[in-house]
Amino acid sequence: MPSGTHRVAVVGVGQTAFGALPHPPRALLRQSIHEALASVDKGISPQDIGEGYLATLGFGGWQIGNPASLLGEELGLPGLPVSHVENACASGSTGLRQAYHTLLAGAADVALVAGVEKMSDTPSARRRYWLGVSGETEWERLAGLTFAGVYALLAERYLAERKLTTDVLGAVAVKNHAHGALNPHAHLRKPVTMEQHHAAASVADPLRLYDCCPVSDGAAAVVLAREEVARRFTDTPVWVVGSGGGSDFLALQDRESLTRLPATRRASDEAFRHAPFGREKVQLAELHDCFTIAELLALEDTGLFPEGEGPRATTEGRTRLGGALPVNVSGGLKSKGHPLGATGVGQVCEVFHQLRGEAGERQVKGAERALTHNVGGSGATAMVHLFST
Amino acid sequence: MSVVVAAAVAVPVWARGNVIVEGPDEDAFTLLVRAGDLLRRVQRLEPGARAEVRTIRIVSSLSGEERAALFEAWGLPPVDILSYPENAEGAVKALSDALDDPGDSTGGATWVLGAQLASPLGAGVEDPPRRSAIAVALAFGAARARPPTVAAEDTPPQRTWVTGDGASPSGSPNTPSLMGFRAPPGSGTAVLLTLAEAATRTPEGASATWVHATAERTALRTFLEGRGVPIAGYPVPEDRTFFQVPDDAWRARAGAPMASVSQGAYLSRESYTASIPARWRLEGERCASCHGFSLPPVGRCHLCGARDGLRRSRLPRVGAKVESATLIHKGAQPTEFDWHQEVYGSYAVGLVRWPEEGPTLTFQFTDQQPPGAPSGGEVELVLRRLYPQEGAWRYGLKAVLVAPGSADAPSANGPSRGKGPRRTSG
Ligand SMILES: [Zn+2]
């Protein structure tokens, strides 16, 4: 396949730190958008942007309907065509995919994708109300489950069928916290030990505190351009060279398997179908690790590791910074944080810096090809994107 | 002349003699549902008894809507319900009326149902006469009948009892009371301290008073063995393991808040009501082409997409297996379950699969103390409170573990699952 037919350029990225931040959601959004514009090497004007996508759940009820119009307002471009995209925790990557298709279709030359979520200021009861709104309502929620419980059910089966202990979950947490400690934008910038992991409070058995991502605020934005115009903005773009999506039954009870996420498998297959490289060429991956079990599932569902290899690859350090295929060098959702709508966009920010060699202490040496993976809920939706220099 | 032919007793877990469980999710409605289910089970044991219900006399202050919902829960066509005040007089009157009723040519049975939510321990939460209202009534009715036969899987000792008058807790332990059943010579019955009880009769062919103890054996044996329970003001039996919790559990239960849940993940009253056949009775559709079972039914096979050859069918409430389970600790619950979590702590939730029929559904577990994550176990499904919304309780089935399993047992089912029958591998 000739290169160019399936690629668009990332020409600028911006993101706030993730964490419990004092700023209201619009301030976070504003900061990420203006950082993204300012990061464009050769400069860009808001008027260059032809289409906008905003990813957010409007957590807590901040702005459930019509939030995308705020993109135009914050750009000083009222009138910009905008869309709100929402696929739960995969909203950000869904926005990326929409922009990718829009640009490939030639409907615009430049698109802005932003994601924002403000979660930390919500009172506990309201927060717990919202943490489950993307799960299946009629059966799962009425049985008393939120996502911690749903992922716990997956983890329980996974460990039982593979005859593993929670050590493998702990290994993911220890690794991602070690990575996050190197990331100035991360929410939890502290290493944890296996002992701390095992000693922490149970959330939903077998998941303990350090198996779960924090409740974070944050925003991220990326500027994408068609190949034909990309060089106007930078000489070193990062290319999106593959996009795949997938979905599945909303409720776990309807799924074929409890130890695989078919939505990820479909998304990954589609992304690689058009990509100029295969899975074996990927040099770093940002995988959706809202819970430690999610990273283990993703290692194999993306096809980056053969069936059955995920746990061993993790415990042997192959997914650590410096290993054969570093996973979540940003800290992942686990340590970097998970402001729902911003998460998938933030993954692109990380990959952009990594492939341009700008990632500082956590730089994967010589990285030229990367994969991002973003899951909505417990696997009802999933997106995989591929990037190269 | 009618006689009592069957009695069933649904004792909520917080009142059982030798288990320590909170039972936060039962109320008059769920207990009456349970009692009616048990009654039908016992009726089938009695050769002369007819299964049809002609009239229901009910001693409880259920709303009209709740009374109608009883039939939904039982899966029975509605019949006339006559209401009696929720006190001893009302209960005696209900049973007396039933026994005096000449019946009609159809031979259908009359059910007398009562529910009491007072603590059986007499912890001062309800006025004392209500505590044994239904027991009094059943004793009264059965005393007029022939000597009872007590039927149970393991037949308890044949003893006859008659209730006292529900004397106040401050009375002497020797006074007939809620706990102190006495057997007057030559007559009696076997009824009991309960929170929901039911009696049925047929005009013809009645031979005995039956006490159904299959499911509630523990409670029954407790009373048949004459073991006491501590009542406020009464001496505590030496065997302290016997009853430890219910008093507190009851108080906590009585205070369970009706939390207001206003927005977010929301199931409207209409949508909830429409889901009742699936949610309470496990009614779905069986596909003729692939044998898949779809629940809730949507007129299309969930597995193969067929629209023809779908047959209404029900899943059994026993025999499903736990495929995966977790224990939800404080902070991991949706807000709807805050009331539960605050009062009773962690609860278990699991995926439950019917090995024969194929489908998997999600249920909360109940009646377990301490709660566990019972993967691989076998469950029975019972109707309980889920959570309150807009001033009314939402009810649904919950799982009670009836046989334990080991954590990796379900993998014997193979990896293939979903809404259809298990595929064979290879
Ligand atoms: Zn079918």
Side-chain angles (χ1 to χ4, degrees), chain A residues 57 59-61 64 123-163 201-209 212 215 248-249 251-260 262, chain B residues 259 261-267 271-272 275 278-279 295-296 302 323-338 340-341 346-353 359-365 372-373 375-376 386-387 394 396 398-399 406-411 415-419:
Chain A
L57 257 83
F59 192 89
I64 301 173
S124 162
R126 194 171 189 82
R127 182 187 310 155
R128 274 180 294 100
Y129 213 98
W130 274 84
L131 282 176
V133 297
S134 306
E136 196 271 344
T137 299
E138 294 191 27
W139 290 89
E140 283 182 359
R141 187 168 181 113
L142 265 63
L145 288 177
T146 55
F147 280 120
V150 170
Y151 272 98
L153 291 173
L154 295 173
E156 216 263 338
R157 279 308 321 135
Y158 185 95
L159 298 179
E161 284 184 17
R162 301 193 181 206
K163 307 207 182 318
S202 278
V203 175
D205 296 351
L207 301 179
R208 295 177 172 277
L209 183 64
C212 311
V215 171
D248 200 350
F249 293 101
L252 282 193
Q253 65 184 28
D254 295 333
R255 307 243 182 109
E256 228 3 69
S257 164
L258 292 181
T259 52
R260 290 187 292 268
Chain B
V261 170
S262 58
Q263 52 84 48
Y266 175 73
L267 192 61
S271 301
Y272 164 72
S275 75
R279 196 176 290 286
L295 196 151
H302 186 88
E323 192 161 41
S324 186
T326 180
L327 200 52
I328 305 294
H329 298 281
K330 196 168 177 60
Q333 79 281 11
T335 310
E336 294 91 326
F337 295 89
D338 280 6
H340 187 298
Q341 188 71 269
S346 305
Y347 58 85
V349 179
L351 291 164
V352 167
R353 175 181 157 93
T360 302
L361 292 174
T362 314
F363 295 105
Q364 193 175 117
F365 287 81
S375 280
L386 295 178
Y387 65 84
R394 300 279 172 93
K398 289 189 184 177
S406 66
D408 54 0
S411 60
S416 191
R417 54 187 296 285
K419 287 216 166 201

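Order of the sequence lines sets the chain letters (A, B, ...), proteins ahead of strands, with each chain counted from 1.
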Heavy-atom pairs under 4.5 Å with chain B are the metric here; pick the option from A:Gly144, A:Ala148, A:Cys212, A:Pro206 that has the most.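 Between A:Gly144, A:Ala148, A:Cys212, A:Pro206, the count favours A:Gly144.
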For the interface with chain B, which of A:Gly132, A:Gly149, A:Ser124 has the highest count of heavy-atom pairs at distances below 4.5 Å?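 Greatest number of close heavy-atom pairs with chain B: A:Gly149.
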In terms of heavy-atom pairs under 4.5 Å, which option from B:Gly350, B:Ser275, B:Gly396, B:Gly331 contacts chain A the most?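 Heavy-atom pairs under 4.5 Å are most numerous for B:Gly331.
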Sequence neighbours left out, what passes ring pair (Phe, Tyr, Trp, His ring centres under 6.0 Å) with A:Tyr151? Give chain and number order.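 Result, ring pair (Phe, Tyr, Trp, His ring centres under 6.0 Å) vs A:Tyr151: A:Phe291.
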Side-chain donor-acceptor contact under 3.5 Å, A:Glu138 with B:Tyr272: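 Side-chain D/A pair, A:Glu138 to B:Tyr272: absent.
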At a 4.5 Å cut-off on heavy atoms, which part of [X] comes close to chain B: side chain, backbone, both, or neither?
| X | value |
| --- | --- |
| A:Phe147 | neither |
| A:Ala125 | both |
| A:Leu145 | both |
| A:Ser202 | both |

Between B:Phe337 and B:Arg394, is there a cation-pi geometry (under 6.0 Å to ring centre, at most 45° from the normal)?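 Judged by the rule (NZ or CZ under 6.0 Å from the ring centre, within 45° of its axis), B:Arg394 is not positioned above B:Phe337.
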Examine whether an atom of B:Leu386 lies under 4.5 Å from a heavy atom of chain A, and if so say whether it belongs to the side chain, the backbone or both; otherwise answer neither.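 Side chain only.
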Quick check for you: to the nearest 0.5 Å, what is the distance between A:Glu156 atom CD and B:Ser324 atom OG?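 Between atom CD of A:Glu156 and atom OG of B:Ser324 there are 4.0 Å.
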Mind checking what makes side chain to side chain donor-acceptor pair (under 3.5 Å) contact with B:Thr362, not counting sequence neighbours?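 Partners of B:Thr362 under the side chain to side chain donor-acceptor pair (under 3.5 Å) test: A:Gln253.
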What is the ring orientation for A:Trp139 with B:Phe363, classed by angle as parallel under 30°, tilted 30 to 60°, or perpendicular over 60°?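 Perpendicular.
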